[in-house]
Amino acid sequence: MGVWNFRSGTLAMSGSPQDLGAQLDRRDLAWFVDKAVQALVFLGGVSAIVFILGIFVFITKEGFGFIAGRFDIVEFFGSTRWRPTSEQPTYGALALIVGTASVTGLAMLVAVPFSLGAAIYIGEFAQGRTREVLKILVELLAAIPSVVWGFIGLSIMNPLIIRLFDVPVGLNVLNSGFILGLMAAPIMTTIAEDSLKAVPDTYREAAEALGATRWQVIRRVVIPAARNGLVAAVLLGVGRGFGETMAVLMASGHSINLPTSVFDSVRALTATIAAELGETAVGSEHYRALFTLGIFLFVVTFIINLTADLVIRGIRKK
Amino acid sequence: MVRPENGAGPVKLAVKDLAIHYGPKSALAGVSLDVREHEIFGIIGPANSGKTSFLRALNRMDLHTTGMRVEGSIHLDGRDVRKWRNVYALRRQIGVVFPLPVGLPLSVYDNVALSPRLRGIKNKADLDVVVERCLTRAALWDEVKDRLDSLGSLLSGGQQQRLTIARALSQDPKLLLLDEFSIAVDPVTTMRIEDILRTLKDEITIILVTNLVQQARRLADRTAFFLSGEFVEVGETEDLFTGAVRDPRTRAYVEGRFG
């Protein structure tokens, strides 16, 4: 009499020595575990997409009422009057956009040379223990909470700028840009250093065998080879700058202003949302206008990060 | 150990009592040999016999290799390579071809033009001349002249290896070091490169490290045998194959009894 064994998928003759085939094979269990893990990993991967979509849907839904109704694209991008609480509210975000952009721009002026220099030193020149210690320190720097940076801007940079440049207020583009630059530099350093390290040593040896000096090797071979990663590091720093809230709120002066110099106080998009959202009634026009700012921020950072990602994947001219 | 040779050129490279260590580990010891001008000097031996370390010592790559120590003396054109204060000036005189072709992430043109550009040549016309001459010497010009702007890494393996030869030649080296160049190259290309080397011999001195005994026999005027970090002997290549050698291990190796 034959018995079909479902577990091992074999036909076993009961009572015969072939019974062995009917016993539990470890691989059956392993197969099951395999499938289960596959499903879990799939869920994990998909959940990231689901969350991103969820966030996008949420802020779009909250902001939509404003975009569909009161929103005036000329006013939003063209006017500096952000007066959501006045009798006749106006929603001009230009000063906020310029505020964020100027702070981020200055931050990049500070962070790019700093982080690329640090990455080149750590990746190409530092040896052994120095290198390890530096890497750990840079990663520690990246972990400093942004409110601490804001505190430094408020209590150290502010009086310093007033004294050094003889200006009435030290909370301005210079202060917040500098703070933001120092904040973004560690993560940019880490990514830039990773991309330098990904350049194979054979490239360096080949260039050195051609009599290239250390610096020539770095400039002619290593940096071009790591170019994508370096660009991505900068773009991620820009994204960080755009999205940073607390430090900018504390160090920028938070006053609506089209800056004409680095000593002007400005207000950032993010800081506006953070400062005002708690004061608004859910569903009110002001509330929805703030979410519209959120949509704008989301789209900008999404584009920046997407660009960084595409660059990392190596969109080259050929 | 060097047998006198009729019509031999002057000594290009003189190595005496060379020993190489990585940390506490000895990689190669007791090397004393002379390489003469315009000869192809073969170095054979199984894996881990110190052949590559020997080449690295010649162009002072030990400087950037942590733990690598070189003892003894190496004289290039009568000048101790360890006494060059500007190591880059030394390296400019030595071309190196690595086992796996290292196409730098640059176009074919830029790969060859790299060294002239490092030297300071900016004029496009001058660079064009150098690039064409080197690619022609490396028997690659006809195949790539229409695609000089495409990435070097898009060439086939054999073409890439010839590209690295062209690149090594672009600095007009007096000495060309080849480290098992045929390891990733098909037999037809290997033969073409071997032809190139025979031609180049008239102009430069070549040291050829190979694990193919027959390749050394085809190309090398004289050959040294390294075994497990020991310098066994050096002699006329034919002597190594016809039994006129002293050490039985050499005979055993070239006959393929081990290795």
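By convention in this document, chain letters (A, B, ...) are assigned in the order of the sequence lines, proteins followed by strands, and residues within each chain are numbered from 1. As the structure is a prediction and not an experimental result, all values here were calculated from the model.
Considering only heavy-atom pairs separated by less than 4.5 Å from chain A, the leading option among B:Leu177, B:Asn59, B:Val96, B:Val102 is B:Val102. Listed options B:Met61, B:Arg119, B:Gln93, B:Arg92 were ranked by heavy-atom pairs under 4.5 angstrom with chain A; first place goes to B:Met61.
For residues 205-221 of chain A, the interface with chain B (any heavy-atom pair closer than 4.5 Å) comprises A:Glu205, A:Ala206, A:Glu208, A:Ala209, A:Leu210, A:Gly211, A:Ala212, A:Thr213, A:Arg214, A:Gln216, A:Arg220, A:Val221, sorted by residue number. Identified by a heavy-atom distance below 4.5 Å to chain A, contributing residues of residues 122-134 of chain B are lacking entirely.
Contact of B:Arg167 with chain A is made through backbone and side chain together, with heavy-atom distances under 4.5 Å. Using a 4.5 Å cut-off between heavy atoms, B:Ile94 contacts chain A through its backbone alone, with no side-chain atom that close.
Annotation for A:Phe56: atom CZ does not count as buried by contact number, only 12 or fewer foreign heavy atoms lying within 6.0 Å. Within a 6.0 Å radius of CZ in A:Phe114, no more than 12 heavy atoms belonging to other residues, nucleotides or ligands are found. Atom CZ of A:Phe77 is surrounded by more than 12 heavy atoms from other residues, nucleotides or ligands within 6.0 Å.
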